[in-house]
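In listed order, ligands and their atoms are each counted from 1. For clarity, every value in this text was computed on a predicted model and none was experimentally measured. Atoms considered below: every heavy atom in the structure, side chains included; atoms not considered: hydrogens, waters and symmetry mates.
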Amino acid sequence: KRRKCCYFSAKERSRTVSNALTRREVMAVAGAAATVGMISAVLGPEAMAQSHKEGGTGFMHKLPPLPYPENALEPVIDKETVKIHYEKHFAGYVKGLNECLQKLDKARQSGDFGSIKAVSRDLAFNGSGVVLHWIYFNTIGPKAGGEPKGVMADMIKRDFGSYETFWKQFAAASKAVEASGWGVLAWEPFSKRLVILQAEKHQNLTTWGAMPLMVCDVWEHAYYLKYQNRRPEYVDAFAKIIDWPKVEDRFNKFCTTK
Ligand code: MN3
């Protein structure tokens, strides 16, 4: 299978830059703009197809469709939680991200970057929220779980020793996230290895350039209705809905070991 050696193709990159921010503007808003680059890079062409252009440099995101019915993750995650999580929280991040993009558009047109600090912060927060929720809902599913096969099995064995060891570390990291956040399986392109990260504040990129492959949402909204304060129970059950072939798709699309 073909693997890309960078996050997005030249075509996607130019599309991203022309639609979202020019290169100079990307530099100007520093870390937050890295999030914008990450959004298109991490979401990939599927999500680009979900987005639409609105005049000028305007680039708006649409809430991508939920890839299965709201009750499909039961009994691990109940229908009501998926509904609220998707319709309120995920949609809220998309809305917030679009508001930031509109504010930046306005600022570029007027030349007034007085509120750039606050907007950049909101852009990173909402942008990371969109990216991580997209991965979350698209790398879990019904008729999933169990041990990965193929490439993900090989990579996990190489970098963690075994699936059992991997899951022990991933579950421990997810359970131990302070307050809200994420357990993250990511690709770290510099050492070309898989890593497990904790993201306590998702607007803070934990490792620059790391490519998230599979994430466990441990914000309370992801499990509270069914599990209340029993996060460990939710994380333990989460293994039953990880859709490893989808994770492998992401690996094949974004990662290279060469
Ligand atoms: Mn969430």
State, yes or no, whether a side-chain contact exists between Met152 and Leu213 at a heavy-atom distance under 4.5 Å.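 A side-chain contact under 4.5 Å exists here.
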Angle at the Mn ion (ligand 1), NE2 of His133 to NE2 of His221, rounded to 10 degrees, please.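 My answer is 130°, to the nearest 10°.
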Looking only at heavy atoms, which two atoms of His85 and Ala222 are closest? And how far apart?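 Heavy-atom minimum between the residues: CE1-CB, 3.5 Å.
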Please confirm whether the backbone N or O of Leu66 pairs with a side-chain atom of Tyr86, one donor and one acceptor, at under 3.5 Å?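 Side chain of Tyr86 to backbone of Leu66, a donor-acceptor pair under 3.5 Å: yes, one is there.
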Tyr163 and Phe166 aromatic ring geometry - parallel, tilted or perpendicular at 30°/60° bounds: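 Tilted.
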Asp217 atom (N/O/S) at minimal separation from the Mn ion (ligand 1):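 The closest N, O or S atom of Asp217 to the Mn ion (ligand 1) is OD2.
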Within His85, is some N, O or S atom less than 2.8 Å away from the Mn ion (ligand 1)?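 It does; at least one qualifying atom falls short of 2.8 Å.
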